[in-house]
Amino acid sequence: MLNIAMKTGSNFFEWTHRRADGTDFPATVLLTRVNLKGKTFIQATVRDITEQKRAEDTIKNYALNLESEVKRRTTELEMEKRKVEGMSEMKDEFIRNVTHELKTPLSVVLANLTLLKDYSPVGREKDWTKLLDMMERNASRLNHSVNQILSFSRLNEITPKRERTYLNEVVDSVYQEYLPLAVAKGISLELDIEPVIVMGDREMLAIAVGNLASNAVKFTEKGMVRIILRGFRKSATITVEDTGIGMRPNEAKRAFEQFYKANPSAPGTGVGLTVTKEIVEKHGGEIGIESKPGKGSTVTIIIPRGI
Ligand SMILES: Nc1ncnc2c1ncn2[C@@H]1O[C@H](COP(=O)(O)OP(=O)(O)O)[C@@H](O)[C@H]1O
Ligand SMILES: [Mg+2]
C-alpha cells in the first residue's frame with residue numbers, strides 16, 4: 001500500500017483498523033506522498049466508516065428482503081392464477097352438468113306435454129288443455145332461462161361462425177317461436193321482413209333476436225310487438241318495437257348490464273340483453289334502445305352484411 005502511494009503519489013483503499021481498546025472498525029485510508037524540505041513523507045487520512053457501512057448493510061438487507069418479498073408474492077400470484085384456472089375448468093364441467101341435468105329432463109317433459117294433449121278425459125277437455133298449457137308455458141320458461149344462462153356463460157369462449165345466413169329465416173323462426181306466447185297474452189305479433197343474407201353465425205343471431213322478441217312480449221300487456229328486418233347494401237337492421245311498459249332513460253342505459261333488471265321481481269335472468277349485445281358486437285354490429293315509460297320500446301340492431 002505504501003509502495004503504491006510512493007510510486008503514484010496517492011492510494012485510497014478500505015481497511016479494517018483497530019481501536020486502542022482492541023475493537024476493529026471499518027475505515028477508508030487515503031495515503032498521500034508529501035515532499036517536505038527535501039524529504040518524502042506519506043500522509044495518511046483515516047476515516048471511520050462504521051456508519052456508512054451500517055447504512056450500506058441496511059440497504060443491502062433491504063434489497064435482499066425486497067427480492068424475497070417479490071419472490072413470495074410471485075409464487076402467491078402463480079398459485080392464485082392456477083386456482084382461477086382450476087375454477088374455470090370446474091365452471092366448464094359444471095356448465096356441462098347443468099346442461100345435461102336440466103335440459104335433458106326438460107325436453108322430455110316438454111315433448112310429453114304435447115303428447116298428453118291428445119289424452120284428455122272425456123268431458124274435461126277444456127280444463128285438461130288449460131292445465132297442460134300452463135305446464136307447457138312454465139316448462140318453456142324454464143327452458144328459456146336455462147338456455148339464457150348457458151349462452152351467457154359460454155359467451156367469452158365462442159367466436160361467431162361466418163356462414164351465409166338468411167336473416168329473414170332466422171327472424172321468421174323467432175317469430176314462430178314467440179307467436180303462441182303473444183296469442184296467449186292477447187297481443188298481436190307482427191312480422192315485416194325482406195330477404196337478407198349476411199355472413200354470420202345463424203345460431204347466435206337467432207339467440208340475439210330471440211332475446212329481443214322475448215323482452216318485447218314479456219314487457220307488453222296490450223297492443224302489439226312488431227319485428228322488422230331490412231336489408232341495405234352494407235348492413236341489415238332488425239328492429240323490435242313494442243307498446244309495452246317502456247323504460248326510463250336510466251333504465252334503458254343500464255339494460256345491457258349483466259344481471260340488470262329494472263324490476264327485480266319480474267321474471268328473467270337479467271342477462272338477455274348482455275348476451276344480445278355481445279353477439280351483435282362479435283358480428284361487428286351495433287345495438288340501441290329507444291324507450292318511453294308507458295309508451296313502449298324499440299330495440300334496433302345493425303349487423304354488417306360482411307359479404
Ligand atoms: N322491451 C322492453 N320493455 C321494457 N323493458 C325492457 C325491455 N327489454 C328490456 N327491458 C328491461 O331491461 C332489463 C334487462 O333485460 P334482459 O337483459 O333481457 O334481462 P331479462 O329479460 O332477463 O330481465 C329487463 O329486466 C327490463 O327491465
Ligand atoms: Mg330478456
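Just follow the structure's listing: the first ligand is 1, and inside any ligand the first atom is 1. Please read all numbers here as calculations on a predicted model, not as lab measurements.
Ligand 1 has no atom lying under 4.0 Å from any heavy atom of G244.
Counting protein heavy atoms only, atom 24 (C) of ligand 1 is closest to F219 CZ, 3.6 Å. Shortest contact from atom 3 (N) of ligand 1 to any protein heavy atom: S297 OG, 3.3 Å. Shortest contact from atom 19 (O) of ligand 1 to any protein heavy atom: G270 CA, 3.2 Å. Protein heavy atom in closest approach to atom 5 (N) of ligand 1: M247 CG, 3.4 Å. The protein non-hydrogen atom at the shortest distance from atom 14 (C) of ligand 1 is Y260 O, 3.2 Å. Scanning the protein heavy atoms around atom 17 (O) of ligand 1, the nearest turns out to be L273 N, 2.8 Å. The nearest protein atom to atom 1 (N) of ligand 1, hydrogens excluded, is given as D242 OD2, 2.9 Å; this is a heavy-atom distance.
In A255, the parts holding a heavy atom less than 4.0 Å from any atom of ligand 1 are both the side chain and the backbone.
In summary, of the residues considered (T239, D192, T237), a side-chain hydrogen bond (donor to acceptor under 3.5 Å, both in side chains) with R230 occurs for D192 alone.
The distance from ligand 1 to the heavy atoms of V271 drops below 4.0 Å at these ligand atoms: 17 (O), 19 (O). Atoms of ligand 1 lying under 4.0 Å from any heavy atom of G268, numbered from 1 in the order shown and given with element: 22 (O). Numbered from 1 in the order shown, with element, the atoms of ligand 1 that lie under 4.0 Å from a heavy atom of G272 read 16 (P), 17 (O), 18 (O), 19 (O). Taking a cut-off of under 4.0 Å to the non-hydrogen atoms of G246, the atoms of ligand 1 that pass are 4 (C). Every atom of ligand 1 is numbered from 1 in the order shown, and the set under 4.0 Å from a heavy atom of K261 is 23 (O), 25 (O). Taking every heavy atom of T269 and a limit of under 4.0 angstrom, the matching atoms of ligand 1 come to 22 (O).
The pair R54-E51 counts as a salt bridge, with a side-chain nitrogen and a carboxylate oxygen less than 4.0 angstrom apart.
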message = Apply side chain to side chain contact (heavy atoms under 4.5 Å, CB included) to residues E56 and I49 and explain how you reach the verdict.
response = CA-CA 10 Å; E56 276 174 18; I49 55 166; over 6 Å; no

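The shortest N/O to N/O separation between K218 and ligand 1 falls below 3.5 Å.
Taking backbone and side-chain atoms together, T269 has no N/O/S atom less than 2.8 Å away from the Mg ion (ligand 2).
T129 contributes atom OG1, which lies 9.5 Å from atom NZ of K126 (distance to the nearest 0.5 angstrom).
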